[in-house]
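Model, not experiment: these values are computed from the prediction. In each ligand, atom 1 is the first atom listed, and ligand 1 is the first ligand listed.
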Amino acid sequence: MFNEILSKAKVPFWSTLLLGLTCTNAFASSSTLEPDDFVGISFWLISMALVASTFFFFLERDIVSTKWKTSLTVSGLVTLIAAVHYFYMRDVWVLTGSTPTVFRYIDWLITVPLLMIEFYLILSAIAKVPAGVFWRLMIGTLVMLVGGYLGEAGYMAVLPAFVIGMLGWAFILYEVFAGEASKISAKSAPVSVQKAFNTMRWIVTIGWAIYPVGYYFGYLTGQDPKDSANLLNIIYNLADVLNKIAFGLIIWNVAKTESQATKA
Ligand SMILES: *C/C=C(C)/C=C/C=C(C)/C=C/C1=C(C)CCCC1(C)C
């Protein structure tokens, strides 16, 4: 009987179950959240928005055609991984009032490469993409994050670390605006995919620019450390909403539109 249930249950069932279990973690602690701790409140809000987005992306896999399913899976994984890290980050912040740098960077180290994979997938759904595109996006990501971490965790002076991070990001921007990835999109993609690709690269430009702004206000203004920590975390949190949830919604939108177009 159990086997029968196992074989009949579809993917959304399993992901929903898994998420349900994950959510129990969300209620685990942080009982000391103060009504005037706005940074703490933002951690809470975003944790929940990330959980809801994960449900949404996994369930919506059902309505798109096969070649788009992986993209939605990856979007859901990004918000799932971030949700779990937000539970931990929220606790560090609420309980100690300090910046949860390690959890933040572990999260980024997994989710930023996944977002880069989305670029690759969205192009792969319509054209053959050389592996070099993928590797260049990965290298840029690593340089950017290692630079940032060395600065934020105190292994290096904050300014040179910032410069290293900026160089990694510049390398990614070059690839998506002028490199091979952009040429493939311009040459072979249908209009809706080109539009999505275009929006995604503006997210990587404008949306991602919010992070170095956060770093600047967190470490480079010479202000009171408590104010700097507040600003740093609120700016990073807002940036995550845009770059994880909105980014996923753009992909969901193009996947849905393209699936309907090819069905008709
Ligand atoms: C879901 C998380 C995302 C999309 C995180 C993105 C993070 C960045 C774009 C970080 C960029 C940084 C620089 C460009 C300069 C150095 C400091 C960083 C690491 C904050």
Side-chain angles (χ1 to χ4, degrees), residues 42-43 45-47 49-51 53-54 57 71 74-90 99-120 122 136-177 199-221 228-229 231-251:
S42 79
F43 274 112
L45 283 171
I46 295 165
S47 311
L50 287 165
V51 170
S53 311
T54 308
F57 293 135
S71 300
V74 174
S75 296
L77 289 177
V78 166
T79 50
L80 174 66
I81 292 162
V84 176
H85 283 91
Y86 263 80
F87 301 151
Y88 287 100
M89 291 200 280
R90 186 193 65 192
T99 298
T101 304
V102 193
F103 288 126
R104 181 84 77 184
Y105 273 84
I106 295 173
D107 172 45
W108 289 356
L109 198 59
I110 310 171
T111 54
V112 179
L114 284 172
L115 292 170
M116 293 282 87
I117 287 172
E118 288 280 35
F119 261 110
Y120 188 76
I122 206 166
R136 282 194 296 276
L137 293 173
M138 284 302 142
I139 290 168
T141 301
L142 269 184
V143 172
M144 179 178 86
L145 295 181
V146 169
Y149 187 71
L150 292 177
E152 292 202 50
Y155 289 105
M156 218 179 134
V158 285
L159 189 59
F162 182 71
V163 173
I164 296 174
M166 292 298 272
L167 289 175
W169 180 42
F171 189 63
I172 296 173
L173 290 179
Y174 176 80
E175 179 62 31
V176 297
F177 277 95
T199 315
M200 282 161 73
R201 62 185 180 187
W202 284 110
I203 286 206
V204 171
T205 314
I206 313 287
W208 286 22
I210 304 169
Y211 295 96
V213 169
Y215 187 106
Y216 172 79
F217 282 107
Y219 302 100
L220 298 169
T221 55
S228 300
L231 270 175
L232 177 81
N233 285 287
I234 206 108
I235 296 174
Y236 280 173
N237 287 359
L238 286 174
D240 278 349
V241 174
L242 187 68
N243 293 296
K244 294 182 165 74
I245 300 177
F247 193 93
L249 287 172
I250 290 171
I251 290 160

Give the ring-plane orientation class for F247 versus F119, where under 30° counts as parallel, over 60° as perpendicular and anything between as tilted. perpendicular

Work out whether the distance between some heavy atom of Y105 and some atom of ligand 1 is less than 4.0 Å. yes

Between D107 and F103, is there a donor-acceptor pair closer than 3.5 Å when you use the side chain of the first and the backbone of the second? no

CG of N243 to CG of L238: how many Å apart, nearest 0.5 Å? 10.5 Å

Donor-acceptor contact present, side-chain W208 to main-chain W202, <3.5 Å: no

Determine whether the aromatic ring centres of residues Y105 and W108 are separated by less than 6.0 angstrom. yes

Starting from atom 6 (C) of ligand 1, what is the nearest protein heavy atom, named by residue and atom, and what distance separates them? Y211 CE1, 3.4 Å

Could a heavy atom of G147 be found less than 4.0 Å from some atom of ligand 1? no

In this structure, atom 1 (C) of ligand 1 is nearest to the protein heavy atom K244 NZ, 1.6 Å

Which of the numbered atoms in ligand 1 are below 4.0 angstrom from a heavy atom of D240? 1 (C), 2 (C)

Going by the atom numbers of ligand 1, which of them fall below 4.0 Å from some non-hydrogen atom of G165? 14 (C), 15 (C), 16 (C)

For the backbone of S75 and the side chain of E118, can you confirm whether one donor and one acceptor N or O come within less than 3.5 Å of each other? yes

Let me confirm one number: the CD1-OH distance from I210 to Y236, rounded to the nearest 0.5 Å. 12.0 Å

So, 4.0 Å and heavy atoms of Y236: is ligand 1 close enough to count as a contact? yes

Element-labelled atoms of ligand 1 that are located less than 4.0 Å from some non-hydrogen atom of L115: 4 (C)

Numbered atoms and elements of ligand 1 in range of V112, under 4.0 angstrom, heavy atoms: 2 (C), 3 (C), 4 (C), 5 (C), 6 (C)

For M166, atoms of ligand 1 separated by under 4.0 Å from a heavy atom: 14 (C), 15 (C)

Closer than 4.0 Å to some heavy atom of Y215 - which atoms of ligand 1 meet that? 17 (C)

Can the ring centres of Y219 and Y215 be said to be less than 6.0 Å apart? yes

Which residue supplies the protein heavy atom nearest to atom 9 (C) of ligand 1, what is that atom called, and how far is it? M144 CE, 3.4 Å

